[in-house]
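Structure, as structure tokens:
Not measured: the values here are computed from a predicted model. In what follows, residues are counted from 1 in the order of the sequence shown. Any value given below was found using the heavy atoms of this structure, including those in side chains, with hydrogens, waters and symmetry copies removed.
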Amino acid sequence: MNKYILTLFLVTSVFISCNNEDDSFDPNAKRLPPVITAPINFADPNLNQQGVDLYNRLTNLTQKGIAFGQQQPFGTGNNFPVRNKLENDFFEVAGDHPAIAGFDLELIGLQPDIQSNTAFLLDEFINQFTAAIIKAHENGSIITISWHHVNPKGFGTPNDGSFNDVVKGFLKGGEFREVYIKRLARAARLLNKLVDANGNSIPVLFRPWHEMNGDFFFWGEGFRTTEEYIQLWRDTVQILSEDFNVHNLLYVYSPNFVANRSEYLRNYPGDEFVDILGIDIYDFQNRKFLSTALKNLEIVENISIEKNMLFALTETGLTNVVDNTWWTESLYKAIRASSISYVMIWRNDMTSFFHAPFLGHPSENNFKEFLDKEVILLSKDIL
């Protein structure tokens, strides 16, 4: 009988251990961000003063806490379509704007490359997009922009062959080189229009070709070589800065979560082409978010210290916030002792796809409790 009791105890212990993602969480860990100095050279050798100032600002803010943000937080969300006003879920719940506001350049590629007679639509998109960014900047948010490039082969899937060799086609001599250059020209037109009321350039944390170690984008693993990816990144930096005179960008390198240091650096384009390190880690409800986040942030932190670079949790979230204590029991535990500069959750689109609670959502109070933590910074905290 004792043998069966012992066996049951061992099996139960293993089960609890395997399913308790808090095992690696140290509640006594203190946040001790390293002192990062401004690099001698930025990815853009002609980075304007506003871009340099943003880097220095982030360096100083990192010593104070973690800037918290959301993708596409202005004029969107569950409350916005119903109320038909330029409010948003984040502000209505938090009472403040996010410290980091994310945007995406996807439509730059979508409209002109796949539709016809789109000159007017493109102009309208650029005008609305720049207006939204300028408004976010005026509200005190730091701007970050990603780019979900539209596949020039059309709306295929990773399994139908349409992702293969697109990156190769974007490189010099490739079949999509002209498409790629035109997209960069449109992006440059938009980025150079980002100017505040005083005529000063608005700096941007620019995050192209992200999550490249995944297999869900055409620039991901299996659809191109490592060398092709690195060249594409370097081309993007050089063409925007040298050919199109875009000098307000800090370039952010951000893989999806990784297994180890080697995977993180596999596609790294080199220190001379990167300004900030990032990592994207989502909660997939597999009880592994906290342990994965802690491990990954430690990996990136070690690399950032070696390279004297800032680093961030560039995307995270729990879709539809199905855990009402996720903010304090998962996300906060993952980042509270980290020396990340900022963390950004993904966007709110509709009641069936959101990442920040809206008014009346069951996690609203827990979200507010999270935001009230001393280490978490919103726009009013970074002025």
Side-chain angles (χ1 to χ4, degrees), residues 34 36 38-45 47 51 54-55 58-59 62 67 69 71 100 102-105 142-149 167 170 184 187 191 203-221 224-241 246 248-282 293 296-316 338-344:
I36 302 296
I40 298 174
N41 296 305
F42 290 94
D44 175 6
L47 180 68
L54 175 57
Y55 193 96
L58 281 174
T59 300
T62 301
Q71 177 75 9
I100 305 290
F103 296 86
D104 196 277
L105 290 176
I142 292 170
I143 306 302
T144 182
I145 297 179
S146 54
W147 192 347
H148 286 81
H149 279 258
V167 168
F170 277 2
L184 290 179
L191 293 166
V204 171
L205 303 170
F206 187 50
R207 197 166 60 95
W209 311 118
H210 67 302
E211 299 179 7
M212 76 301 295
N213 57 320
D215 60 359
F216 33 80
F217 297 131
F218 66 75
W219 57 90
E221 298 286 1
R224 45 72 187 169
T225 67
T226 299
E227 293 74 20
E228 287 168 348
Y229 176 86
I230 290 174
Q231 189 59 54
L232 178 65
W233 179 286
R234 293 178 177 180
D235 281 1
T236 301
V237 174
Q238 291 176 328
I239 293 170
L240 283 174
S241 60
V246 178
N248 58 333
L249 306 181
L250 291 169
Y251 290 86
V252 184
Y253 171 80
S254 62
N256 198 34
F257 64 89
V258 298
N260 50 50
R261 171 192 176 96
S262 177
E263 182 182 354
Y264 185 86
L265 292 173
R266 181 165 58 230
N267 297 287
Y268 188 64
D271 293 355
E272 66 272 34
F273 291 94
V274 174
D275 296 307
I276 296 174
L277 303 177
I279 188 81
D280 293 0
I281 310 167
Y282 280 87
N296 274 255
L297 291 176
E298 182 180 15
I299 290 172
V300 186
E301 180 168 3
N302 289 335
I303 297 172
S304 73
I305 293 173
E306 294 171 11
K307 295 182 176 296
N308 184 43
M309 285 185 176
L310 298 171
F311 81 107
L313 179 50
T314 40
E315 277 188 43
T316 190
S338 174
S339 62
I340 53 174
S341 296
Y342 65 91
V343 55
M344 187 184 76

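- Side chains of Ile279 and Tyr264 form a contact here, defined as non-hydrogen atoms less than 4.5 Å apart.
- The shortest non-hydrogen separation linking Ile305 to Pro34 is CG1-CG, 3.9 Å.
- Between Gln231 and Asp235, the side chains place a donor N or O and an acceptor N or O closer than 3.5 Å (distance only, hydrogens not considered).
- Of the possible donor and acceptor atoms, none in the side chain of Trp147 sits under 3.5 Å from a partner among the backbone N and O of His210.
- A distance of 6.5 Å separates CZ in Arg266 from OG1 in Thr226, rounded to the nearest 0.5 Å.
- Residues forming a ring pair (Phe, Tyr, Trp, His ring centres under 6.0 Å) with Tyr342 (at least two apart in sequence, or on another chain): none.
- Between Phe206 and Tyr251, the ring planes are perpendicular. Angles over 60° get that label, and only those under 30° would be called parallel.
- Every residue two or more places apart in sequence or in another chain was checked for a salt bridge (Lys or Arg N to Asp or Glu O under 4.0 Å) with Asp44, and none qualifies.
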Set out, in order, the CA-CA distance, both residues' side-chain angles and the distance that settles side-chain contact (heavy atoms from CB on, under 4.5 Å) for Asn248 and Leu54, then state yes or no. CA-CA 10 Å; Asn248 58 333; Leu54 175 57; over 6 Å; no
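- Here the closest non-hydrogen pair linking Arg224 and Asn267 is NH1-OD1, 2.9 Å.
- Listed by chain and residue number, nothing satisfies the salt bridge (Lys or Arg N to Asp or Glu O under 4.0 Å) test with Arg234 (two or more places apart in sequence, or in another chain).
- Side chains of Thr62 and Leu310 form a contact here, defined as non-hydrogen atoms less than 4.5 Å apart.
- The two residues Ala187 and Leu105 come nearest to each other via the heavy atoms CB-CD1, 4.0 Å.
- Panel note: side chain Thr144, backbone Gly102; no donor-acceptor pair is recorded below 3.5 Å.
- A 4.5 Å side-chain heavy-atom check between Ile303 and Phe311 finds every atom pair outside the cut-off.
- The side-chain hydrogen bond (donor to acceptor under 3.5 Å, both in side chains) check on Arg207 picks up Ser254, Asp280, Glu315, with sequence neighbours excluded.
- From Met309, atom CE reaches atom CG of Asp275 across 7.0 Å, with rounding to the nearest 0.5 Å.
- Qualifying ring pair (Phe, Tyr, Trp, His ring centres under 6.0 Å) partners for Phe257, counting only residues two or more places apart in sequence or in other chains: none.
- When the salt bridge (Lys or Arg N to Asp or Glu O under 4.0 Å) test is applied to Asp271, the partners found at least two apart in sequence or on another chain are Lys307.
- Residue Pro255 comes nearest to Gly278 through the heavy atom pair CD-O, 3.4 Å, listed as atom of the first residue, atom of the second, then distance.
- Under the side-chain hydrogen bond (donor to acceptor under 3.5 Å, both in side chains) criterion, Glu263 pairs with Asn213, sequence neighbours left out.
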Ile145 and Leu191: side-chain contact (heavy atoms from CB on, under 4.5 Å), yes or no, with the steps? CA-CA 10 Å; Ile145 297 179; Leu191 293 166; 3.9 Å; yes
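- Between Phe273 and Gln238, the closest side-chain pair of non-hydrogen atoms falls below 4.5 Å.
- Taking His149 as the reference, nothing meets the side-chain hydrogen bond (donor to acceptor under 3.5 Å, both in side chains) condition, with sequence neighbours excluded.
- For the atom pair OG (Ser304) and CD1 (Ile276), the distance works out to 11.0 Å, reported to the nearest 0.5 Å.
- Interatomic distance, Ile143 CD1 to Leu249 CG, rounded to the nearest 0.5 Å: 12.5 Å.
- In terms of the side-chain contact (heavy atoms from CB on, under 4.5 Å) criterion, residue partners of Asp104 (sequence neighbours excluded) are, by chain and number, Gln71, Glu106, Ser146, His148.
- Across all their heavy atoms, Thr316 and Val343 have their closest contact at CG2-CG2, 3.7 Å.
- To the nearest 0.5 Å, atoms CG (Leu265) and CG (Asn260) are separated by 9.5 Å.
- With sequence neighbours left out, Glu306 forms a salt bridge (Lys or Arg N to Asp or Glu O under 4.0 Å) with Arg261.
- Evaluation of the ring pair (Phe, Tyr, Trp, His ring centres under 6.0 Å) rule for Tyr55 yields Phe42 as partners, not counting sequence neighbours.
- A distance of 11.0 Å separates CG of Asn296 from OG of Ser338, quoted to the nearest 0.5 Å.
- Proximity of a side-chain donor or acceptor of Tyr253 to a complementary backbone N or O of Tyr268 within less than 3.5 Å is detected.
- Under the side-chain hydrogen bond (donor to acceptor under 3.5 Å, both in side chains) criterion, Trp209 pairs with Thr236, sequence neighbours left out.
- Considering all non-hydrogen atoms of both residues, Pro269 and Ile230 come closest at CA-CG2, 3.9 Å.
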